[in-house]
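Data first, discussion second: the structure below is written as structure tokens.
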Number of protein chains: 2
Amino acid sequence: MREEAIKAVTAIGQVLQEQIDHGLLAPGSKLPAERKLSELFGTTRITLREALLQLESQGQIYREERRGWFVSPPRLAYNLMQRSHFHAMVSAQGRVPSTEVISARLQPASAAVCAWLQLPALSSVIQICRSRRIDGRLVLYVEHYLNPKYFPGILEFDLNQSITELYARHYDLQYGRVRFEIVPTALSVEAAAALKVSVGSPGLQIARVNYDQHERLIDCDLEFWRHDAIHVGVDVV
Amino acid sequence: MREEAIKAVTAIGQVLQEQIDHGLLAPGSKLPAERKLSELFGTTRITLREALLQLESQGQIYREERRGWFVSPPRLAYNLMQRSHFHAMVSAQGRVPSTEVISARLQPASAAVCAWLQLPALSSVIQICRSRRIDGRLVLYVEHYLNPKYFPGILEFDLNQSITELYARHYDLQYGRVRFEIVPTALSVEAAAALKVSVGSPGLQIARVNYDQHERLIDCDLEFWRHDAIHVGVDVV
DNA sequence: TTACCTTTCTGGACTAGACCAGCACTGTTT
DNA sequence: AAACAGTGCTGGTCTAGTCCAGAAAGGTAA
């Protein structure tokens with residue numbers, strides 16, 4: 001007649017999960033404060049926190065630095081095969097995209113970037129760092145590296161818009177072959193800062209190396225996604 | 001003249017990271033016990049543990065339930081475009097694969113599986129659950145669902161070998177079109193148990209829906225990878 | 001209205017312990 | 001040699017607090 005021993009952490013997670021599933025806690029809504037919750041569940045803040053961290057790693061909830069915990073919105077479907085850019089992709093799924101430029105400048109390329117773009121040592125590259133939102137929520141930090149040879153004067157344009165469209169309109173360039181590298185890892189320090197999450201949060205890193213329609217290696221970018229913001233689809237024919 | 005305030009958790013992580021980078025802690029080797037480490041760094045076990053958890057989420061170290069913490073081996077390159085199966089892929093990268101069958105039986109299909117395989121309600125499917133290792137380390141738990149129509153008597157074969165090869169040798173079937181769905185999330189309860197990791201560990205879920213050379217939907221599988229065990233590559237032409 | 005301050009509330013970081021359950025090794029018994 | 005029973009060590013889980021820094025809201029003065 002022994003009761004099944006359920007861990008407190010698991011039990012708390014299940015209760016919250018259920019509330020979320022039944023829509024009592026709507027996507028985007030804020031959870032009560034940690035202290036309130038720990039009192040509600042009759043446990044310590046540390047234990048309560050562990051339960052929240054587990055739900056976070058499942059992608060059910062997320063936090064904003066020192067602001068609180070929120071219920072995660074649905075994931076964005078990111079299909080690697082259809083060459084859609086961020087704005088088009090987000091809009092097509094009935095959601096509202098936005099972009100902020102963090103920095104844009106010509107600078108010496110790091111060793112890693114030289115390798116990706118097959119540039120000689122000590123080359124210059126154009127680096128564009130941007131953060132992007134879906135429905136107001138920061139979900140993506142991108143570092144873009146362009147081979148300056150193909151993009152004279154690009155820093156003069158408004159970089160809040162889609163770079164893909166800039167390429168087409170002003171440089172007559174379109175993406176051809178693309179190589180993706182997807183690595184599940186923690187967010188880098190810069191990415192965490194830009195996304196306003198605590199360092200060490202789980203993330204999904206997607207590196208793209210892009211060729212144009214003439215098979216020239218024109219740019220690459222490093223995307224850091226909140227791990228709960230997307231699911232990636234690939235159709236292999 | 002104020003010292004830069006470095007968080008203890010970060011500092012501990014950096015020290016361990018450095019030791020790993022310089023090969024003083026080799027891949028696969030065991031870290032000292034948590035109590036030892038917390039004494040070494042002059043901090044609490046809770047704080048020390050937080051540092052370890054961060055390194056885990058970065059994929060630098062991993063743990064085996066109640067056995068200890070270990071340095072992560074290099075990630076396996078998983079290229080979605082080259083139709084290689086687990087054994088071939090692992091061997092090609094100079095490492096040693098192995099497979100264990102956990103269960104294999106005909107059973108009623110869940111709603112999700114019916115949807116994936118486009119089966120009518122209350123259909124039967126063949127479910128094969130297996131765990132797989134690289135160099136002895138558990139890295140992958142797979143649930144395989146086959147449409148029984150195409151695979152009479154498959155449960156009689158030795159399922160420790162590659163199923164892809166079974167298909168080719170005995171059923172004259174080859175994979176054609178494939179659809180992948182990649183979701184970064186925590187490991188499911190079954191996956192965590194099979195991989196002997198604590199529930200809620202970060203993982204990468206890859207669902208595949210497979211068609212054969214005649215465009216028939218033959219099977220699907222649900223892969224649960226340790227998040228630090230792979231990086232995924234995709235070449236889009 | 002606007003700019004600035006203060007207060008309150010939030011999560012972030014940390015201390016100092018406790019008890020439990022499973023693993024691995026060791027020594028004994030069969 | 002093989003099976004078994006201890007036993008110590010390991011991570012897993014949890015308690016009960018403290019102090020700090022940033023975010024937000026509200027009030028006050030220009």
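Residue numbering restarts at 1 for every chain, and letters A, B, ... go by the order of the sequence lines.
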Next on the checklist: Applying a 4.0 Å non-hydrogen cut-off, can you work out what B/Arg35 is touching in the nucleic acid: base, sugar-phosphate, or nothing?
Outcome noted: base

Item to check | Whole-Å distance separating the CZ atom of B/Phe70 from the C1' atom of D/dT10 | outcome: 10 Å

Item to check | Atom-to-atom span, CD1 of A/Ile12 to C1' of D/dT15 - whole angstrom | outcome: 13 Å

Item to check | Euclidean distance, atom NZ of residue B/Lys196 to atom C1' of D/dT10 [Å, nearest integer] | outcome: 17 Å

Item to check | Residue whose closest nucleotide on DNA chain C lies nearer the 5' end, A/Leu31 versus B/Ala8 | outcome: A/Leu31

Item to check | side chain to side chain contact (heavy atoms under 4.5 Å, CB included) between B/Ile163 and B/Arg130, intermediate numbers included | outcome: CA-CA 11 Å; B/Ile163 289 194; B/Arg130 305 191 290 180; 3.4 Å; yes

Item to check | Sugar-phosphate, base or nothing in reach of A/Arg45, heavy atoms under 4.0 Å | outcome: base

Checklist entry - Can you check side chain to side chain contact (heavy atoms under 4.5 Å, CB included) on B/Gln17 and B/Gln60, steps first, answer last? => result CA-CA 8 Å; B/Gln17 177 74 70; B/Gln60 298 290 340; 3.3 Å; yes

Checklist entry - So, does the side chain of A/Arg66 form a donor-acceptor pair with the base of D/dA21 at under 3.5 Å? => result yes

Checklist entry - What is the distance from CD of A/Glu65 to P of D/dG22, rounded to the nearest Å? => result 9 Å

Checklist entry - Would you say a side-chain N or O of B/Thr47 is under 4.0 Å from OP1 or OP2 of C/dA13? => result no

Checklist entry - Above 12 or not: heavy atoms from other molecules or residues under 6.0 Å from NZ of A/Lys36? => result no

Item to check | Length of the CG-C1' vector between B/Leu52 and D/dT10, whole Å | outcome: 13 Å

Item to check | Minimum-distance nucleotide to A/Lys7 side chain [options: C/dA13, D/dG11, D/dT13] | outcome: D/dT13

Checklist entry - Has A/Thr43 got a side-chain N or O lying under 4.0 Å from the OP1 or OP2 atom of D/dC14? => result no

Checklist entry - Between the side chains of A/Arg132 and A/Thr99, is a donor N or O closer than 3.5 angstrom to an acceptor N or O? => result yes

Checklist entry - How long is the line joining CD of A/Glu50 and P of D/dT15, in whole Å? => result 10 Å

Next on the checklist: Nearest to the side chain of B/Ile46, heavy atoms from C-beta on, is which of D/dC14, C/dT10, C/dG11?
Outcome noted: D/dC14

Checklist entry - Please give, in whole Å, the distance from C/dC25 P to B/Lys30 NZ? => result 11 Å

Item to check | Rounded distance in Å - CD (B/Glu39) to P (C/dG17) | outcome: 13 Å

Checklist outcome for this item: Nearest-nucleotide check on DNA chain D, A/Gly42 vs A/Glu64; residue mapping nearer the 5' end is A/Gly42

Next on the checklist: Using a 6.0 Å distance limit plus a 45 degree cone around the ring axis, check whether A/Arg137 lies over the aromatic ring of A/Tyr62.
Outcome noted: yes

Next on the checklist: Classify B/Arg67 by what it touches in the nucleic acid, base, sugar-phosphate, or nothing, heavy-atom distance under 4.0 Å.
Outcome noted: sugar-phosphate

